[in-house]
Amino acid sequence: MADETSRYMKSGKDSCSEDYRYDYIKQAAPSFYDSFKDLNGYQKEAVVNEDRILLLNAGVGSGKTTVLVHKVLYLYNIKKVNLSEMLVLTFTNKAAEEIKQRVISSDGGNISLDDLKYFGTFHSVAKALLSTVLPVESLGYSKDFSILDENGERELLERIIAERGLNIKYKNNIEKRLDEFRQGKRLYGAMKHEDELEELIQIYQDEKIKRNVMDFDDLIDCCSELDRYGYFKPSWIIIDEFQDTDSSQLEMVDGLMGDGTSVFAVGDPNQTIYSWRGSRQDIFKVFKERYDAVEKTLPVNYRSTSTILKAAKAFLDDPTKLESKRGKGAAIIIKKHFNSFNEALYLSNKIKKLHLEDGIPYNEIGILYRKQKHSKVFEDVFKHESIPYEVSLKKDFKDIPPLYWFVRLIKASVNIKDYESAVYALSDKKYGIGITPKQAFECIRCGDTSLKLVKKILGFNSWLSDIDDVEGLDKKIYDYFDIDSYLCPTSIDFDEDRDFILKFIKGLVEYIKTNKIRPADGIKAAMTSAMLYGRQVIEQIVNPKADSVKLMTLHASKGLEFKYVFISGANLGVMPLGGKFDDDEEKRLFFVGITRAKDYLEISYHSNPDDFGALPNPSPYIGMIPDDLIVSDDIKSRARKLSELRREIKDKIEVKKEVVCKQKVSHPKYGEGYVIDEDDDTITVQFEGYGEKSFAKVFCPLKPVD
DNA sequence: CAACACATATTTTTT
DNA sequence: ATATGTGTTG
């Protein structure tokens, strides 16, 4: 570690001896300087940088958020930039929340949450601008527009197609088709001629305006379109995780930029793992060229041991931009398990030992895998072994049926033109009133109030407009709809369902209280907010944080760190998924996984994988880690180069094809078959009618025939 | 109408 | 590798 530090000092970037350069900060804002002085040279430079458009290439674990927070505080304290003239844009609510909390807590009580008006996700900031400073009326909307979620979008599209009898091909992939249409692709799949997609899109846009609803894309698009006229030009636009920016978000930034606007964009191109969702890999290059931006680098990683960081560097095109500050630490362990169940047993023992003998808190242990379903076996075993765990799942109110039903009911009630939500609420098989979607649509459209729930939906706004008192409003709303009567009291889930809905309404009322709006307008605004904060809403309702082992996909692990990281199931066919060797994104995903580890990294693969598509070989990525960094069960099965491995697999497949059936065997369940492959631990047999099956020799139930 | 040709999804997930 | 949805050919 000593030599690393001295090399770093010699580079002249560290400022211990040059602190006088920042004396003006010490003078002007002593308390800010107190935390500023602890930043490294690169970080300090990024914070005080004067370039109008700065692109900060923040390496993994280099203190990206710290720099971003200090930049905000520097602008506020030293440059006297008003907080309401700063746009801080993130991709997730979680990231926005973290930044806001850190800004507030780092500034010793001067800044409150209300000051951070335009700190949030691209979508929530767009929403805030659209419902305040931007004239949405010129697009045909009114300020109290509501938000159409994916289900609502699909339902509306289906209704238009059915009502107009439009000829639309590949209806099941309609979202994908709309997406491609925006990029100029009119044909899809085997199509030779255009269908009526353009008409559908036109009608869909008109229909959204008529109903005063925007989908998630509209928020971004309307914001950039309107702001090109110059209604709101912030002094600063600060963008987090810039590598995840997609084209329309870039346009939104472009629309908001005025002559006096500076931009500070922070991101790591090596952590681009969402390009399949629209972010473009060349965004740094595009941005630099378009705005003549200055690019700086944050290269110092404080998180991982130098061993782990060296391994990570093997996955980068330019490893020189990453410097380690920590000691060597433990070797990386490569482990071969028979299958995922065996690994889960092994891990539960290992984790118990770590926790009980070494005193490692459970939440310093992360288990990472490629697919959501890989969590199942760990959940089962950990439950049985009483190891506390938490699976990070994509969950919002859509995933809780009674809650989503209620959300749609309220959406329909606050916006009676939201027919799809009314239809959903009324015709839901479990919580609805037992009518078909068609009947429901007729009732709502004709204002047929003979049905109780229809009457309640249509009368909600006028009922609410007579109420001024927020106190006890949650109970009043619950009783107004008589929610109990729709929740089937005999159901075992009754209490839980009721609780979810009550908590959700409480959240809505809380929103009205803090924003001091009249209930009639407040519910609308609160619902819009809830749609933009889906996951956060659920987190407040559902799970309390506990000391538990964290299970998650590699994707979900981005931005997190653990002392102990176990990457599970690094098999050929899984990492990279489907053997896509040329897909750099899979490589970056593996890089993200490795770099989550602070002290200890273990990577496993399965000799008898139970996952469909997984081959019994280790992932080629394991072979890319330099040998001197790892301790492995079986070095010899590792291939050193991708090309070598590719040839090896090809050879193996060819050998398999030509295989002469050596040994006839019998199995209690599958009957008779022939051995087609065999290695140290496993044996593969071809059965008539069952196909290929592999068995561990240890548990082998096979008996030779002849 | 059967048979084939061709394209695409499968995995990852936020608002 | 497999399934699905198109479109074309015989």
Side-chain angles (χ1 to χ4, degrees), chain A residues 89-97 120-128 130 146-153 167-177 179-180 185 187-195 214-221 223 240-241 244-246 248-249 252 271-279 368-375 392-399 528-539 552-559 569 571 573-580 583 585-590 592-593 611-615 653 656 691-692:
Chain A
L89 302 170
T90 67
F91 289 87
T92 64
N93 288 305
K94 201 177 151 201
E97 224 44 50
T121 60
F122 274 89
H123 292 86
S124 69
V125 170
K127 159 71 181 56
L130 288 168
S146 51
I147 291 179
L148 195 62
D149 66 5
E150 289 126 328
N151 293 337
E153 193 177 326
N167 166 31
I168 301 292
K169 309 284 184 201
Y170 292 100
K171 282 201 199 64
N172 299 335
N173 296 49
I174 192 74
E175 289 94 347
K176 187 84 209 289
R177 290 211 55 203
D179 208 46
E180 292 205 345
K185 285 191 179 153
L187 300 178
Y188 182 88
M191 281 170 69
K192 285 269 161 67
H193 308 284
E194 276 182 40
D195 57 5
M214 287 195 194
D215 61 29
F216 289 117
D217 292 335
D218 293 330
L219 291 171
I220 305 291
D221 294 343
C223 182
D240 185 33
E241 302 279 16
D244 287 338
T245 311
D246 67 29
S248 52
Q249 285 157 340
M252 174 172 148
Q271 291 183 76
T272 307
I273 56 172
Y274 286 116
S275 62
W276 50 272
R277 208 169 67 184
S279 79
L368 315 181
Y369 37 81
R370 183 60 181 78
K371 300 178 192 172
Q372 298 272 10
K373 64 176 173 194
H374 294 159
S375 71
S392 130
L393 279 173
K394 45 162 185 175
K395 235 190 176 170
D396 63 20
F397 39 68
K398 286 187 211 64
D399 304 301
T528 303
S529 163
M531 298 307 281
L532 291 172
Y533 293 84
R535 278 168 62 113
Q536 222 156 281
V537 169
I538 276 306
E539 265 159 36
M552 67 190 79
T553 61
L554 289 166
H555 281 91
S557 74
K558 199 177 84 165
N571 276 62
V574 182
M575 302 181 197
L577 196 68
K580 285 185 278 184
D583 192 338
E585 183 136 321
E586 291 283 330
K587 208 160 85 177
R588 291 193 292 269
L589 187 58
F590 200 73
V592 166
D611 185 34
F612 181 76
L615 293 160
I653 290 164
K656 260 189 190 170
E692 259 176 49

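Here the structure is a predicted model, which means the values were calculated and not measured.
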For Y274(A), which contact category applies under a 4.0 Å heavy-atom criterion: base, sugar-phosphate, or nothing? sugar-phosphate

Can you classify the ring geometry of H555(A) versus W276(A) as parallel (below 30°), tilted (30 to 60°) or perpendicular (above 60°)? perpendicular

On the 0 to 90° scale, with breaks at 30° and 60°, tag the H374(A)-Y369(A) ring pair as parallel, tilted or perpendicular. perpendicular

Can you see if the side chain of T553(A) gets near the phosphate of dT13(B) - specifically, an N or O under 4.0 Å from OP1 or OP2? yes

Under 4.0 Å: is that the gap between some side-chain N or O of Q536(A) and OP1 or OP2 of dT14(B)? no

Check every nucleotide of DNA chain C for an atom under 4.0 Å from a heavy-atom of chain A, then give the first and the last such nucleotide from 5' to 3'. dG5(C) to dT8(C)

Are F91(A) and the base of dT15(B) stacked, counting only ring centres nearer than 5.5 Å and planes tilted under 30°? no

Send over the distance from E241(A) CD to dT14(B) C1', rounded to a whole Å. 12 Å

Heavy-atom distance under 4.5 Å between the side chains of I168(A) and R177(A), does that happen here? yes

Once you apply a heavy-atom cut-off of 4.0 Å, does N173(A) come out as touching a base, just sugar-phosphate, or nothing? sugar-phosphate

Would you check if the side chain of Y170(A) reaches a backbone N or O of A190(A) as a donor-acceptor pair within less than 3.5 Å? yes

Hey, which of these two, Y533(A) or A190(A), hits DNA chain B nearer its 5' end, going by closest nucleotide? A190(A)

Return no unless some side-chain N or O of R370(A) is found under 4.0 Å from OP1 or OP2 of dT12(B). no

Whether K94(A) and E97(A) form a salt bridge (side-chain N of Lys/Arg under 4.0 Å from carboxylate O of Asp/Glu) is what I want to check. no

Candidates dT11(B), dT15(B), dC6(B) - which lies nearest the side chain of N93(A): dT15(B)

Answer with base, sugar-phosphate or nothing: what part of the nucleic acid does Y188(A) contact at a heavy-atom distance below 4.0 Å? sugar-phosphate

Spacing of the P atoms in dT2(C) and dT13(B) (rounded, Å): 27 Å

What's the spacing between M214(A) CE and K127(A) NZ if we round to 0.5 Å? 9.5 Å

Base, sugar-phosphate, or nothing for D149(A), non-hydrogen atoms under 4.0 angstrom? nothing

Assuming nearest nucleotide by heavy-atom distance, tell me which of M531(A) and L187(A) is located more 5' along DNA chain B. L187(A)

Test side-chain contact (heavy atoms from CB on, under 4.5 Å) on R370(A) and D611(A); report intermediate values, then the result. CA-CA 11 Å; R370(A) 183 60 181 78; D611(A) 185 34; over 6 Å; no

Tell me what L532(A) touches on the nucleic acid: a base, only sugar-phosphate, or nothing, going by heavy atoms under 4.0 Å. sugar-phosphate

Looking at every strand, decide which applies to Q372(A) at a 4.0 Å heavy-atom threshold: base, sugar-phosphate, or nothing. sugar-phosphate

Comparing H193(A) with F612(A), nearest DNA chain C nucleotide closer to 5' gives the residue F612(A)

